[in-house]
Amino acid sequence: MIVCGDDALAHRLARELHEVYGEQVTLLVPALPDTPRTPAGRTGRALALFGRVTAAVTRTTGTGAPAAPSEDGAEPTGTLRVVESAEADDRALRDAGAERASALALVHEDDETNIRAALTARRLNPRLRLVIRLYNRKLGQHLETLLDQAAAVAEPGLDPEKLDAATTVLSDVDTAAPGLAAAAVAGTSKVVQAGGLLLHAVDRPPVAGQAPDPGLCTLALLSATAGDPAGCEGSEHSGDAGPRLLPDDRTVAAATGRAAVTLEAVTPAGPALPAGRLAASALPVASLFSRRLRWSLAGAVAAVLALALASTFTTGDHPLHAAYLTLLDIFAIGDPAVGEPTSRQLLQILAGFVGLLLLPVIVAALLEGLGTFRTATTLRRPPRGLSGHVVLLGLGKVGTRVLARLRRLNIPVVCVESDPEARGIAVARRLRVPTVIGDVTEEGVLEAARIHRAHALLALTSVDITNLEAALSARAVTPDLRVVLRLYDDDFATAVFRTLRTAHPGALTRSRSVSHLAAPAFAGAMMGRQVFGAVPVERRVLLFAAVDVADHPLLDGRTVAEAFRPGAWRVIALDGRAAGSGEGWRLRPERLLGVGDRVVVAATRRGLAELLGRGGRDERRAPDNSVRTERG
């Protein structure tokens, strides 16, 4: 398998495939211009690159401590080869072995670079499974169709069903956005769309002296050190006090006083909402006029109707004719009622007064509507009485997706961004989200975002120090504020988490990494299985994937209860597309799994590797943890 890229996601993905799934991995990275060309320099460069791969992904807190083991402690198999090239062109992909590879991940930060390399790779190997990182979702849908058609044209005999998702376009930001939004909003369900089903997972708070309510099933037990300021939340060094993924019923019953993530419901997925539904109307009709002006207009309309009815009863005219004459009198364009009955004359005088009263209302409506149109293209300011909202720092790629996610959940948001031309400014303007333009490290910016009344702070800028400074400033104003930080460096994140929890034990603090949340989904797609989504459990990840029972001897011929492997995988439901047979999606524990069944499983990364018959337990491949570096 080949991974092209040189950022945190590429490094995490290469290590995920190498150590968790035991694959032979080639990491294709851009060559640095100052790299020495001597053999000794190449050897040193290899060690440096391997250090970058491991240090960027698994940093340890102790000096000289060994690298963190995998979830089950098994040693990885396969090799990790590093190839340097100026760009991922035809020659570089050939040197990396694209013609013989089973999967290729293109995770450069630039969409154009990934697209160009994908077209080249598809030409070199029509059977190659492609996983492409693209921020533009609409372009990604078209690219999937194009590359799959190219594979079918290159080899007409290929069976589309056997290609096993030949092209998969993913966005690391879209994959991480639900986890970041859920961490900021207490009680918000984690929802994963698995084929034709929606899986709803929720966080259940701990209850003293009681085991957590399992719901439909318990997906994970959270760290027992949540109340310990010195505890390592989700750390690989937490041991039994750390999170327990997919525990059995006995473990859940014994876990008194621990929080849990449980499967709350599994429901059929309805038709997808159009993309424009999220944006809604950028200028609703109700925002054109103030409430006082709307009441004034309603009163004027009521007066017109009353005069028209009075004219009908007193003169005997047809209601439409009476309304017509009333409007003429109101706008002062009707003939004087000379020689007509007294009732008609009185009604004409009253209509004239109503017209005089209506004139300033019409002028006010025009001015207010004009002002609303003029401010529709500007950013809103936070209202004075706003409270219970989420303050979102940074409107880059990550912040923009998280903002859209929060607004989809109808959660009030106030954004803070230093760059008026940032990517998410247009989205905030379209969604009518209050936005403060300014440097969050400057005095008064957080106060302008009403941080003292906020429910949570989401610090998602690309600078760790900025996120930390914002969190400390916000905690100085509101000590019990919920804080979610986006931190790149794991060592730094652990130190920050412990310090903030020690200083504010009653507040909730979370640190998240986009690459950490996204890498499992990319790795699952490279393994050729449709990974529907990933639910973050502190610093670990739980995957949801569709599996054909006939292809997996660990499931075939077993009941649902027998197929459950605690800590590895658990059968959740029938695939939504297969549930239309009349049986439904719910599976009884005694239900026998067999040929023709396609099920949705929740699995750890190591568990999914074992279920696929690969990974650290695969003895067909001799252990070889060597790292080789080549320079093109």
Side-chain angles (χ1 to χ4, degrees), residues 1-32 35 39 41-60 65-85 88 92-108 117 121 128-131 133 236 490 515-516 518-528 605-606 608-610 612 614-632:
M1 294 189 174
I2 304 173
V3 178
C4 296
D6 195 31
D7 62 352
L9 177 59
H11 298 159
R12 286 185 183 272
L13 179 56
R15 180 178 181 271
E16 185 101 0
L17 295 170
H18 171 59
E19 295 191 1
V20 176
Y21 294 96
E23 292 295 325
Q24 299 182 18
V25 182
T26 296
L27 179 60
L28 183 60
V29 299
L32 298 180
T35 303
R42 291 174 58 184
T43 304
R45 181 61 180 165
L47 295 175
L49 280 173
F50 179 64
R52 288 167 55 190
V53 173
T54 55
V57 183
T58 55
R59 295 179 171 90
T60 56
S70 59
E71 291 181 5
D72 60 357
E75 292 294 330
T77 62
T79 59
L80 175 60
R81 185 167 65 110
V82 180
V83 176
E84 292 182 331
S85 178
L93 290 175
R94 289 180 185 274
D95 292 341
E99 295 173 316
R100 306 177 304 277
S102 61
L104 167 66
L106 300 166
V107 292
H108 293 282
L128 184 66
R129 186 181 303 117
L130 294 177
V131 179
R133 172 190 187 181
E236 299 292 347
D490 284 346
S515 59
H516 175 78
F522 279 79
M526 291 191 71
M527 297 303 297
R605 293 175 293 177
R606 173 65 61 181
L608 183 60
E610 183 181 353
L612 300 180
R614 317 173 81 149
R617 294 185 175 92
D618 191 352
E619 299 179 356
R620 294 170 298 177
R621 190 182 299 139
D624 181 7
N625 298 331
S626 61
V627 178
R628 294 178 294 167
T629 301
E630 301 175 7
R631 189 173 189 274

Mind running side chain to side chain contact (heavy atoms under 4.5 Å, CB included) on R94 and E99 for me, showing each step along the way? CA-CA 7 Å; R94 289 180 185 274; E99 295 173 316; 2.5 Å; yes
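- In this structure, CD in E16 is found 11.5 Å from CE in M526, a value given to the nearest 0.5 Å.
- Across A8 and S515, no two heavy atoms sit closer than the pair CB-OG, 3.7 Å.
- Minimum heavy-atom separation, R81 to A96: NH2-O, 3.2 Å.
- Counting heavy atoms from C-beta outward, L106 and R133 have side chains that stay 4.5 Å or more apart.
- Exactly one of L27, V25, V107 qualifies for a side-chain contact (heavy atoms from CB on, under 4.5 Å) with L13. That residue is V107.
- Using a 4.5 Å heavy-atom threshold, the side chains of L104 and C4 count as touching.
- Side-chain contact between H18 and E23 is absent, with no heavy atoms from C-beta onward closer than 4.5 Å.
- Considering all non-hydrogen atoms of both residues, G97 and I2 come closest at C-CD1, 3.8 Å.
- For the side-chain contact (heavy atoms from CB on, under 4.5 Å) with V29, the lone residue among D7, V3, D6 that qualifies is D6.
- Counting all heavy atoms, side chain and backbone alike, S102 lies closest to L128 at C-CD1, 3.7 Å.
- A pairwise comparison of heavy atoms in A519 and R12 identifies CB-CB, 4.0 Å as the closest pair.
- Here the CZ atom belonging to R100 is positioned 8.5 Å from the OG1 atom belonging to T26, to the nearest 0.5 angstrom.
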Passes side chain to side chain contact (heavy atoms under 4.5 Å, CB included), L28 versus S85? Steps please. CA-CA 7 Å; L28 183 60; S85 178; 4.0 Å; yes
